[in-house]
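Report on the following structure.
None of the values given here were measured: they were computed from a predicted structure. If you read the sequence from its start, that first residue is 1, and numbering goes on from there. All heavy atoms count here, side chains included; hydrogens, waters and symmetry mates do not.
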Amino acid sequence: MIRDAFEQRCLLFGKKEKQIRSFVEDSKYRKELEYLYASMPLSDAVNYPPELFEGFAAHGHFLRENVDWCRELSEELYLNQVLFHRVNDEEISECRELFYKKLWPLVQGKSMEEAAKIINYWCLEQATYRLTDERTASAETVLRCSFGRCGEESTLLVAALRSVGIPARQVYTPRWAHTDSNHAWV
């Protein structure tokens, strides 16, 4: 199914089709890259270099092979909630290896539930709520700046959880009960 979806999506890549096809076919992470390209927004496929997505693919493959709780996930959960490169509309940066290096020593040997709690507290220590501009900052930017809106703080947490193979996603409500705005959480 992934290969068929990739083949169909390639037809939409325009001038980038040959470059993307060639890169994916030559990669040792072909399956992961085919999934990413089959499911990513078209703007990601044509505006970012394939090497960026290969970083996500390599890290996801590493987690699937080496982290027990990630290995035990269904294929669908792994692909959609661990491997997938995007959380929101943030600028894409491959920060998962950086997060993994910071977080793995804290969660190694723990259950997935214990690890998720530890990472949640770690993210809480890294960033404080503060209004920012309209575009959601990347998880790496939130870590560097130490602040963000709810959408950015949840982007940080999702990226941090995924960096160690814990499936996570961001959800939104269009209107929050006590404001005229929306709210995001993990």
Locate the shortest heavy-atom distance separating [X] from [Y]; write the atom from each residue and the value.
X: Glu54; Y: Ser27; result: OE2-OG, 2.7 Å
X: Leu156; Y: Cys123; result: CG-SG, 3.9 Å
X: Ser93; Y: Phe56; result: O-CZ, 3.7 Å
X: Ala38; Y: Ile2; result: CB-O, 4.3 Å
X: Tyr35; Y: Leu79; result: CE2-O, 3.3 Å
X: Leu73; Y: Gly165; result: CD1-O, 3.9 Å

| query | Given the rule in the side-chain contact (heavy atoms from CB on, under 4.5 Å) test, do Ile92 and Phe53 qualify, once you have shown the distances and angles that lead to the verdict? | reply | CA-CA 10 Å; Ile92 301 170; Phe53 301 116; 4.3 Å; yes

Which value, rounded to the nearest 0.5 Å, describes the distance between [X] atom [atom1] and [Y] atom [atom2]?
X: Asp4; Y: Glu34; atom1: CG; atom2: CD; answer: 9.5 Å
X: Leu52; Y: Asn47; atom1: CG; atom2: CG; answer: 11.5 Å
X: Tyr78; Y: Leu63; atom1: OH; atom2: CG; answer: 7.0 Å
X: Glu17; Y: Leu12; atom1: CD; atom2: CG; answer: 9.0 Å
X: Ile119; Y: Leu103; atom1: CD1; atom2: CG; answer: 5.0 Å
X: Arg21; Y: Asp26; atom1: CZ; atom2: CG; answer: 13.0 Å

Determine whether [X] and [Y] make a side-chain contact, defined as any pair of heavy atoms from C-beta on separated by less than 4.5 Å.
X: Phe6; Y: Lys31; value: no
X: Met40; Y: Tyr48; value: no
X: Ser163; Y: Lys102; value: no
X: Phe13; Y: Leu42; value: yes
X: Tyr37; Y: Pro50; value: yes
X: Met112; Y: Asp68; value: no
X: Arg30; Y: Leu33; value: no
X: Val67; Y: Trp104; value: yes

Single-linkage hydrophobic cluster [X]~[Y], side-chain heavy atoms < 4.5 angstrom:
X: Val82; Y: Tyr29; answer: no
X: Leu36; Y: Val46; answer: no
X: Phe84; Y: Val24; answer: yes

Are there over 12 heavy-atom neighbours, none belonging to [X], within less than 6.0 Å of that residue's [atom1]?
X: Lys16; atom1: NZ; answer: yes
X: Glu25; atom1: CD; answer: yes
X: Glu113; atom1: CD; answer: no

So, [X] side chain and [Y] main chain: donor-acceptor pair closer than 3.5 Å or not?
X: Arg96; Y: Leu83; value: yes
X: Arg64; Y: Cys70; value: yes
X: Arg162; Y: Gln81; value: yes

| message | Pair Tyr100, Phe62 - check ring-ring contact (aromatic ring centres under 6.0 Å, His included), show working. | response | CA-CA 11 Å; Tyr100 177 86; Phe62 167 80; 5.4 Å; yes

| said: Between Arg3 and Glu7 (salt bridge meaning N to carboxylate O under 4.0 Å), is one present in this structure? | reply: no

| said: I'd like to know whether Val164 forms a side-chain contact (heavy atoms from CB on, under 4.5 Å) with Gln108, so could you lay out the CA-CA distance, the side-chain angles of the two residues, the decisive distance to 0.1 Å, and finally the verdict. | reply: CA-CA 9 Å; Val164 297; Gln108 188 174 11; over 6 Å; no

